[in-house]
Colleague: 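The structure is given below, and queries will be raised subsequently.
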Amino acid sequence: MKKYKHVLKYIITGIIAIAILCAIIFVVIKIRNKVYPIEENKTSSLDIQVPISKQSTSKKIDIDEVIKKNEENIKTEKIERQEIDIEFTTQYRQNESLAKGKIQTIQEGQDGRQDAIMKTIYQNGEIISKEQISSEIRKVAVDKIVEIGTAPFSNNYVPIVGDQLKVTSNMLAIRTDPGEEAEKLITLNKGEIVILKARVENWYYVSYNSYMGWVPMDSVTYVNPNGTSDGDENNHQYTKEELSKDMGFSMLLNKKSDLTIEQFKQVLENDTNDRNNVFTENAEYFYYVESQYNLNGLFVAAVAIHESGWGTSEISQNKKNLFGYGAYDRDPYGSSYKFETFAEGIDLVSRVFVKYYINMPGTNIYNGEKAVGTYYKGATLTAVNKSYASDKNWANGVYRWMMYLYNKL
């Protein structure tokens, strides 16, 4: 019996040990789950939802087109040394022995030369702005000297070099030499116009388009720029309708307006906008530049009005510069040119238009020179706007003033 009691004691002790071990294991498991919780598997492999993407209905992006557009908007800057012209200025002097409205050149102007450091900005391969950073003069410009007539017109007036002459005979041959036996270059009809270049005895040396030759003095007559009678009943002043028939954005600026000096004064003098009398006192010079440089003088006047606010801008008042010529965005007032007279600025800017903007490179212009055509895009307002002004509405503003002036005829 004692033996069985001893065995029972060991069995009970084992059971107690097993119970204690189970309790310990249970506690350990609880603690572990608290520290590292087991995530519930909320979805089985059968419950997984695979999203279905909808096909885009938007237009497919054309990469080549995007690259092309980006390249078109790229601006490039170039700084280089250039040898450029220094435009000569023109001095106008009154001559009491010369008929009113007439001009004669006493001394031809000569451009100077300078080495300049230029900053040029291009867009799409085209120049959109050009700025002179510094310069060194190599050749000084020589002024042009022009005399303007103040004497009343006389029927006995003797034509001078540069005058227009009208053919009075039914047919007139321009010859290679002064003499009836000389070879004919071209035959003109009555009423056609030639330009006087020289005189030898009873013969005039004249130009007609690209022809240069001789005609008898008695076969042509002087054309009075004032449009008043000079003994030739065929001389007349063009009407408003005739003068404005080609008016429009497509009109060519490298053609004369054909207004007389009196008509220039009519449209520019005593205007209520001209508070400082700038245009009243300088109306005739727009006629003179048209006569000398073969461009529309009313276009030049309209640019001056548009840029200077009828001569009220600070640059025009202090520097007699109606065009803001030479001004750069970084310092418009400081960089703009200063002229001694308004006439100097009107003359110089007219030549700049003729030489660089409204004529193709190589075109014959004034004083035997040829157009450089650096900024030539065409001879219309829209074409000039592309290179002359950064303001895209510049052409509209100038055109508005041209219409305003034409409507005053």
Colleague: Taking C-beta and beyond as the side chain, do Ile145 and Glu108 meet within less than 4.5 Å on heavy atoms?
Modeller: no
Colleague: Restricting to side-chain contact (heavy atoms from CB on, under 4.5 Å), what partner residues turn up for Val352, sequence neighbours left out?
Modeller: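 Scan of Val352 (side-chain contact (heavy atoms from CB on, under 4.5 Å), adjacent residues dropped) gives Glu87, Tyr325, Leu348, Tyr356, Tyr357.
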Colleague: If you count the non-hydrogen atoms of other residues, nucleotides and ligands that lie under 6.0 Å from NZ in Lys256, is the total more than 12?
Modeller: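 Yes, enclosed.
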Colleague: Is the count of non-hydrogen atoms from other residues, nucleotides or ligands lying under 6.0 Å from Lys240 atom NZ greater than 12?
Modeller: yes
Colleague: Could you give the distance from CD1 (Ile160) to OG1 (Thr105), rounded to the nearest 0.5 Å?
Modeller: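 Interatomic distance, Ile160 CD1 to Thr105 OG1, rounded to 0.5 Å: 8.5 Å.
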Colleague: Please confirm whether the backbone N or O of Gln263 pairs with a side-chain atom of Thr260, one donor and one acceptor, at under 3.5 Å?
Modeller: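 Checking the backbone N and O of Gln263 against the side chain of Thr260, a donor-acceptor pair under 3.5 Å is found.
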Colleague: Looking at OG1 of Thr280 and CG of Leu268, how far apart are the two atoms once the value is rounded to the nearest 0.5 Å?
Modeller: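 Going from the OG1 atom of Thr280 to the CG atom of Leu268 covers 8.0 Å.
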Colleague: State, without any angle test, whether Tyr404 and Asn273 hold a side-chain donor-acceptor pair at a distance under 3.5 Å.
Modeller: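 Yes.
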Colleague: Ring-plane angle category for Phe88 and Tyr366, please: parallel below 30°, perpendicular beyond 60°, tilted otherwise.
Modeller: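 Perpendicular: the ring planes of Phe88 and Tyr366 meet at over 60°.
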Colleague: I want to know whether Tyr388 and Tyr375 have ring centres closer than 6.0 Å.
Modeller: no
Colleague: Near Ile137 CD1, under 6.0 Å, is it more than 12 heavy atoms from other residues, nucleotides or ligands?
Modeller: no
Colleague: Knowing that exactly one of Phe286, Tyr238, Phe264 qualifies, which makes a side-chain contact (heavy atoms from CB on, under 4.5 Å) with Ser257?
Modeller: Phe264
Colleague: Hey, are Glu136 and Arg138 close enough for a salt bridge, meaning a charged N less than 4.0 Å from a carboxylate O?
Modeller: yes
Colleague: Answer yes or no: does atom CD of Glu80 have more than 12 heavy-atom neighbours from other residues, nucleotides or ligands under 6.0 Å?
Modeller: yes
Colleague: How would you list, by chain and number, every residue that makes a side chain to side chain donor-acceptor pair (under 3.5 Å) with Trp214, sequence neighbours excluded?
Modeller: none
Colleague: Between the side chains of Thr89 and Lys144, is a donor N or O closer than 3.5 angstrom to an acceptor N or O?
Modeller: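 No.
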Colleague: Does the side chain of Gln292 come under 3.5 Å of the side chain of Tyr288 through a donor N or O and an acceptor N or O?
Modeller: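 No, no side-chain donor-acceptor contact under 3.5 Å.
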Colleague: Measuring from Leu243:CG to Tyr406:OH, what's the distance to the nearest 0.5 Å?
Modeller: 6.5 Å
Colleague: Could you walk me through whether Asn294 and Asn254 satisfy the side-chain contact (heavy atoms from CB on, under 4.5 Å) test, starting with their C-alpha distance in whole Å, then the side-chain angles of each, then the deciding distance to 0.1 Å, before giving a yes or no?
Modeller: CA-CA 6 Å; Asn294 197 42; Asn254 55 4; 5.5 Å; no
Colleague: Evaluate the side-chain contact (heavy atoms from CB on, under 4.5 Å) criterion for residues Leu172 and Val220: first the C-alpha distance (whole Å), next the side-chain angles of each, then the deciding distance (0.1 Å), finally the verdict.
Modeller: CA-CA 9 Å; Leu172 175 63; Val220 293; 3.9 Å; yes
Colleague: Yes or no on side-chain contact (heavy atoms from CB on, under 4.5 Å) for Asp163 and Val223, after CA distance, side-chain angles and deciding distance?
Modeller: CA-CA 7 Å; Asp163 278 347; Val223 177; over 6 Å; no
Colleague: Would you say Lys265 has more than 12 foreign heavy atoms packed within less than 6.0 Å of its NZ?
Modeller: yes
Colleague: Below 4.0 angstrom, N of the basic side chain to O of the carboxylate: do Glu181 and Arg175 qualify?
Modeller: no
Colleague: Do Phe342 and Val278 have side chains that get closer than 4.5 Å, going by heavy atoms?
Modeller: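 Heavy-atom side-chain distance check passes, below 4.5 Å.
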Colleague: Between Glu192 and Tyr208, is any side-chain donor less than 3.5 angstrom from a side-chain acceptor?
Modeller: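 Distance-only check passes for Glu192 and Tyr208.
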Colleague: Check the pair Phe353 / Phe299 against ring-ring contact (aromatic ring centres under 6.0 Å, His included), numbers first and verdict last.
Modeller: CA-CA 10 Å; Phe353 277 126; Phe299 157 66; 4.9 Å; yes
Colleague: Is the shortest distance from a Lys or Arg side-chain nitrogen in Glu369 or Lys355 to a carboxylate oxygen in the other one below 4.0 Å?
Modeller: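 Yes, Glu369 and Lys355 are salt-bridged.
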Colleague: Roughly how far apart are Asn367 CG and Arg351 CZ, rounded to 0.5 Å?
Modeller: 10.0 Å
Colleague: Say you draw a straight line from NZ of Lys386 to NZ of Lys392; how long is it, rounded to the nearest 0.5 Å?
Modeller: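 Lys386 atom NZ to Lys392 atom NZ measures 10.5 Å (nearest 0.5 Å).
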Colleague: Please report the C-alpha distance between Ser350 and Leu295 in whole Å, then the side-chain angles of each, then the deciding distance to 0.1 Å, and finally whether the side-chain contact (heavy atoms from CB on, under 4.5 Å) criterion is met.
Modeller: CA-CA 8 Å; Ser350 297; Leu295 81 167; 4.3 Å; yes
Colleague: Do Lys320 and Lys338 come within less than 4.5 Å of each other through their side chains, counting heavy atoms only?
Modeller: no
Colleague: Measuring from Gln164:CD to Ile193:CD1, what's the distance to the nearest 0.5 Å?
Modeller: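 It is 5.5 Å, given to the nearest 0.5 Å.
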Colleague: Does the side chain of Asn364 come under 3.5 Å of the side chain of Lys370 through a donor N or O and an acceptor N or O?
Modeller: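 The criterion, which ignores hydrogens and geometry beyond distance, is satisfied for Lys370 and Asn364.
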Colleague: Just wondering, are more than 12 heavy atoms of other shown residues or ligands nearer than 6.0 Å to OH in Tyr211?
Modeller: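 Open: at most 12 neighbouring heavy atoms sit under 6.0 Å from OH of Tyr211.
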Colleague: Can you say whether the rings of Phe339 and Tyr337 are parallel (under 30°), tilted (30 to 60°) or perpendicular (over 60°)?
Modeller: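 Judged by the thresholds at 30° and 60°, the geometry between Phe339 and Tyr337 is tilted.
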Colleague: Closer than 4.0 angstrom, basic N to acidic O: yes or no for Asp271 and Lys408?
Modeller: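 A salt bridge links Asp271 with Lys408.
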Colleague: Looking only at the side chains, is there a donor atom on one of Asn321 and Ser336 sitting less than 3.5 Å from an acceptor on the other?
Modeller: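 The answer is no; no qualifying pair exists.
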Colleague: Quick one: does any side-chain atom of Ser291 pair with a main-chain N or O of Tyr287 as donor and acceptor, under 3.5 Å?
Modeller: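 It does hold such a pair.
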